[in-house]
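A quick write-up on the structure given underneath.
In each ligand, atom 1 is the first atom listed, and ligand 1 is the first ligand listed.
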Amino acid sequence: MIRSRADGTAQGRLRMALVSPKGPLYRHRGGIFRKSLRAAPLTLTTLAALIPPEIEADVRIYDEGIEDLPETLEADLIGMTVITGTAPRAYELAARYRAAGSVVILGGPHITLQPEEAAQHADAIVTGYAEYTWPQLLRDYVRGALQARYDMAPDFDLTRPEALPFPRRELLQRRGYKTLNTFEATRGCIHTCDFCVVPSAWGNGPYQKPVAHVVDDIRRMGARRLIFYDLNLIANTRYAQELFEALIPLKVQWFGLATTLLGDRMIELMARSGCRGLLIGFESLSRDALAGVDKGFNRPDRYEDLVRRLHAHRILINGTFVLGSDVDTESAFDELKDFVLSTGIDLPRFAVLTPFPGTPLFRQMEQEDRILTRDWSLYDGQHVVFQPARMSPETLLAGHERIWREVYSARGILRRTAARLRDNLALYPLVLGANMGYRFYANNLSRFYSCMGGAA
Ligand code: B12
Ligand code: SF4
């Protein structure tokens, strides 16, 4: 049943709450994302900005990663953003709020990938990017005509002015985040890695905001140091060049995400535009493992050279790796640890291979009967939810924890980052701060572990 206000239409000011539920690791109390690792997400501030101007609304944002939720939410309409690891919590909250009379709308990557499941827990669901559907949903709600489902249109684009309000960052609890200066220029990615939710949830895109709009957003925030959340900033070379050229006069320092496909000219331009750090998905040192997940464009034999070239331009590296591929044996942990320590990756991060529902990897594992649990709260990249091919789930979990601890031991941090004291002294406090944040993360991981080996 679709509910709206008692008389069928909304009257007076709309009381709206936008909620980001907690996951096992990202939570206010007892979580392991320290403030030094938390930059403000753009999801709820973007949704708040998309409320049509003719709808008078009092909006509050609640991020359960940084604060406790009040017992009750005095809201007519509640929008919740859901990733896989937060889905069970989102459904629990949705049931509570619906019972209390609020209308609950769910959206986000997990809802997009599992719409039938999600629909059972909401008054309406929104799949895909919501720049056009969310305003339409709100208008429908106000006139008492809420639909059960709103899907992103195939011709979605991010260039029209109505899709480009500036995120309402003033609604966030400033104290909870290391920075509010997070931005996005593009969405989506041109690649199709089997384990990644991005191509499955949102298609390949990339969708691009006009560069002038991105620059305006940065200027109005007065940002000097900022983060781009784009999944792959260099997906479209021409757009990337235009963006980076436009950043040069701003004299900002920026951090973002890119693939390993970085040529010298691009690196040089990025450095000139203020790039000081990149998150790069190296994923594995094995070509077979990469080919197995459709990420064959990564060339492990070139990783060391890439790290050297980025460091030569004083660009720090947040390198991400995935453990548990079908070619990984127990020796993979030590090989990876040695690689990370010897190349001096500034901030390495390790995830357990996770077949997120809705991805090709999930379908493959399901066909092979290797999914060990459908408790989505364990789908956070730090638990083992599938049967690995060449080791036990327990070995994978233990090896994953060990590598985190070893590369973030005092000695590990020093060995990886010592060279930055010589060649990037100005950013060393930042490197050290982030390393200490991840050291805390590494030392606390075991508190959260559960491994589903043999459970299914
Ligand atoms: C910021 C961020 C974080 C932050 C904060 C996350 C939070 N508050 O939960 C931190 C660093 C803490 C984080 C951690 C993790 N993250 Co994260 N994160 C992101 C990131 C980079 C940006 C999100 C963002 O602001 N996007 C910009 C906004 C505008 O886009 P959007 O969120 O997609 O929202 C749009 C639509 O999806 C839709 N929409 C979304 N929600 C809703 C809700 C409603 C009601 C409606 C109508 C519409 C709607 O409308 C918006 C406008 O179009 C995304 C990748 C990305 N670029 O999207 C990953 C991403 C969300 N993270 C992901 C993951 C896996 C994780 C971790 C598990 C990683 C890890 N192992 O540590 C943890 C888990 C954290 C947790 N919550 O428990 C995955 C989610 C995959 C999945 N199926 O679960 C993503 C998609 C990255 C990826 N490449 O796979 N993350
Ligand atoms: S390159 Fe990165 S963002 Fe793009 S599909 Fe692969 S894992 Fe996902």
Side-chain angles (χ1 to χ4, degrees), residues 18-27 31-33 37-47 49-50 63-66 77-87 89-90 104-114 122 124-135 137-138 150 152 156 158 163 167 177 182-184 186-202 204-207 227-232 235 257-261 279-281 283 293-295 297-298 320 322 349-352 354 356-359 376-377 379-383 441:
L18 296 172
V19 179
S20 178
K22 63 187 172 189
L25 310 176
Y26 183 68
R27 52 171 59 229
I32 54 177
F33 276 91
L37 303 181
R38 283 189 241 131
L42 285 169
T43 313
L44 301 182
T45 48
T46 299
L47 293 176
L50 286 165
D63 178 351
E64 226 188 346
I66 64 152
L77 186 132
I78 298 174
M80 253 190 275
T81 183
V82 188
I83 66 171
T84 305
T86 64
R89 173 67 177 163
V104 173
I105 317 294
L106 298 179
H110 186 75
I111 306 309
T112 302
L113 293 167
Q114 297 290 290
I125 60 165
V126 179
T127 68
Y129 296 131
E131 269 66 15
Y132 300 96
T133 45
W134 173 238
L137 178 152
L138 292 174
Y150 293 78
M152 173 174 145
F156 179 86
L158 261 185
Y177 304 101
T182 53
F183 299 86
E184 56 168 12
T186 65
R187 297 224 187 116
C189 177
I190 49 171
H191 301 291
T192 52
C193 310
D194 280 354
F195 57 87
C196 181
V197 301
V198 176
S200 301
W202 298 305
N204 283 124
Y207 308 102
I227 298 174
F228 281 110
Y229 274 159
D230 306 47
L231 293 153
N232 178 10
L257 286 74
T259 63
T260 55
L261 302 175
L279 184 152
I280 296 180
E283 324 300 7
V293 290
D294 205 11
K295 198 157 184 170
F297 63 82
N298 265 12
T320 60
V322 177
R349 274 169 52 190
F350 309 95
V352 175
T354 303
F356 285 105
T359 60
W376 301 142
S377 70
Y379 282 62
D380 59 3
Q382 309 295 309
H383 291 86
Y441 185 100

- Write down the atom of Y129, the atom of M152, and the distance for their closest heavy-atom approach. N-SD, 3.1 Å
- Item | Numbered atoms of ligand 1 (with element) below 4.0 Å of M80, judged on heavy atoms | 43 (C), 44 (C), 45 (C)
- Is the shortest N/O to N/O distance between Y229 and ligand 1 below 3.5 Å? yes
- Message: Heavy atom to atom 9 (O) of ligand 1, shortest distance: which of S20, P357, G85 holds it?
- Response: S20
- Write out the residue and atom name of the closest protein heavy atom to atom 87 (C) of ligand 1, then the distance separating them to 0.1 Å. L231 CD2, 4.5 Å
- Query: Is the shortest distance from atom 12 (C) of ligand 1 to a protein heavy atom below 4.0 Å?
  - Reply: yes
- Message: I'd like to know if the side chain of T182 reaches the main chain of A40, judged simply by a donor and an acceptor atom lying under 3.5 Å from each other, with no hydrogens or angles considered.
- Response: yes
- Query: So, does E131 sit close enough to ligand 1 that a heavy atom of it is under 4.0 Å from the ligand?
  - Reply: yes
- among protein heavy atoms, the one nearest atom 85 (C) of ligand 1 is V197 CG2, 4.8 Å
- Would you say atom 38 (C) of ligand 1 touches the protein, meaning some protein heavy atom is under 4.0 Å from it? yes
- Which bit of T133 gets closer than 4.0 Å to ligand 1, counting heavy atoms only: side chain, backbone, both or neither? neither
- Should G128 be listed as contacting ligand 1, given a heavy-atom distance under 4.0 Å as the test? yes
- Please verify whether a non-hydrogen atom of R187 lies at under 4.0 Å from ligand 1. yes
- Quick one: does G65 get within less than 4.0 Å of ligand 1, heavy atoms only? no
- On a heavy-atom basis, the closest approach of N232 and T186 is O-OG1, 4.3 Å
- Task: Give the numbers and elements of all ligand 1 atoms closer than 4.0 Å to a heavy atom of I105.
- Result: 45 (C)
- Message: To check you understand the geometry: which heavy-atom pair defines the closest contact between R187 and T46, and what is its length?
- Response: NH2-CG2, 4.4 Å
- Item | P41: numbered ligand 1 atoms lying under 4.0 Å from its heavy atoms | 5 (C), 8 (N), 25 (O)
- Query: What protein heavy atom sits nearest atom 2 (Fe) of ligand 2, and how far away is it?
  - Reply: K295 NZ, 3.8 Å
- Task: Just do the side-chain contact (heavy atoms from CB on, under 4.5 Å) check on T86 and W376 with the steps written out, would you?
- Result: CA-CA 7 Å; T86 64; W376 301 142; over 6 Å; no
- Item | Any non-hydrogen protein atom less than 4.0 Å away from atom 81 (C) of ligand 1 | yes
- Report the part of A130 (side chain from C-beta onward, or backbone N, CA, C, O) that has a heavy atom under 4.0 Å from ligand 1; answer both or neither where that applies. both
- Query: Any non-hydrogen protein atom below 4.0 Å of atom 3 (C) of ligand 1?
  - Reply: no
- Message: At a cut-off of 2.8 Å, what protein N/O/S atoms sit near atom 8 (Fe) of ligand 2?
- Response: C196 SG
- Short N/O distance, under 3.5 Å, between L42 and ligand 1? yes
- Answer yes if a protein heavy atom lies under 4.0 Å from atom 15 (C) of ligand 1, otherwise answer no. no
- Item | Protein contact of atom 27 (C) of ligand 1 - nearest heavy atom, named by residue and atom, plus distance | E184 OE1, 3.6 Å
- Message: Main chain of G281, side chain of N298: is a donor-acceptor contact present, judged purely on distance under 3.5 Å?
- Response: yes
- Those atoms of ligand 1 less than 4.0 Å from some heavy atom in T46: 29 (C)
- Message: One residue to check: V198. Relative to ligand 1, which of side chain, backbone, both or neither has a non-hydrogen atom less than 4.0 Å away?
- Response: side chain
- Judged by atom type as modelled, is there a donor-acceptor pair below 3.5 Å linking the side chain of T354 to the main-chain atoms of F356? no
- Message: Give me the nearest non-hydrogen protein atom to atom 75 (C) of ligand 1 as residue plus atom name, then the distance to 0.1 Å.
- Response: Y26 CB, 3.7 Å
- In this structure, atom 84 (O) of ligand 1 is nearest to the protein heavy atom T84 N, 2.9 Å
- Query: Do any nitrogen or oxygen atoms of L113 come within less than 3.5 Å of a nitrogen or oxygen of ligand 1?
  - Reply: no
- Does W202 have a heavy atom less than 4.0 Å from any atom of ligand 1? yes
- Query: Should the pair Y207 and F156 be assigned to parallel (<30°), tilted (30 to 60°) or perpendicular (>60°) ring geometry?
  - Reply: perpendicular
- Note on the structure: For Q382, the ligand 1 atoms with a heavy-atom partner under 4.0 Å come out as 71 (N)
- Task: Verify, without hydrogens or angle tests, whether S200 (side chain) and V197 (backbone) share a donor-acceptor contact under 3.5 angstrom.
- Result: no
- Protein non-hydrogen atom below 4.0 angstrom of atom 89 (N) of ligand 1 present: yes
- Considering only heavy atoms, which of L257, L137, I125, T81 lies nearest to atom 41 (N) of ligand 1? T81
- Can you sort out which atoms of ligand 1 are near G23, meaning under 4.0 Å from one of its heavy atoms? 78 (O)
- Item | Taking atom 72 (O) of ligand 1 as the reference point, the nearest protein heavy atom with its distance | F33 CZ, 3.5 Å
- atom 46 (C) of ligand 1 has as its nearest protein heavy atom L47 CD1, 3.7 Å
- Task: Compare F356, Y177, Y207, F156 and give the one whose heavy atom is closest to atom 65 (C) of ligand 1.
- Result: F356
- How far is atom 62 (N) of ligand 1 from its nearest protein heavy atom, and which residue and atom is that? I83 CD1, 4.7 Å
- Within a distance of under 4.0 Å, is there any protein heavy atom near atom 43 (C) of ligand 1? yes
- Item | Winner among Y129, Y150, W376, W134 once heavy atoms are compared against atom 47 (C) of ligand 1 | W134
- Query: Within a distance of under 4.0 Å, is there any protein heavy atom near atom 19 (C) of ligand 1?
  - Reply: no
- Task: Report the member of L18, T43, I227, D380 with the shortest heavy-atom distance to atom 23 (C) of ligand 1.
- Result: T43
- ligand 1 to T86, heavy atom cutoff 4.0 Å, flagged ligand atoms 77 (N), 78 (O)
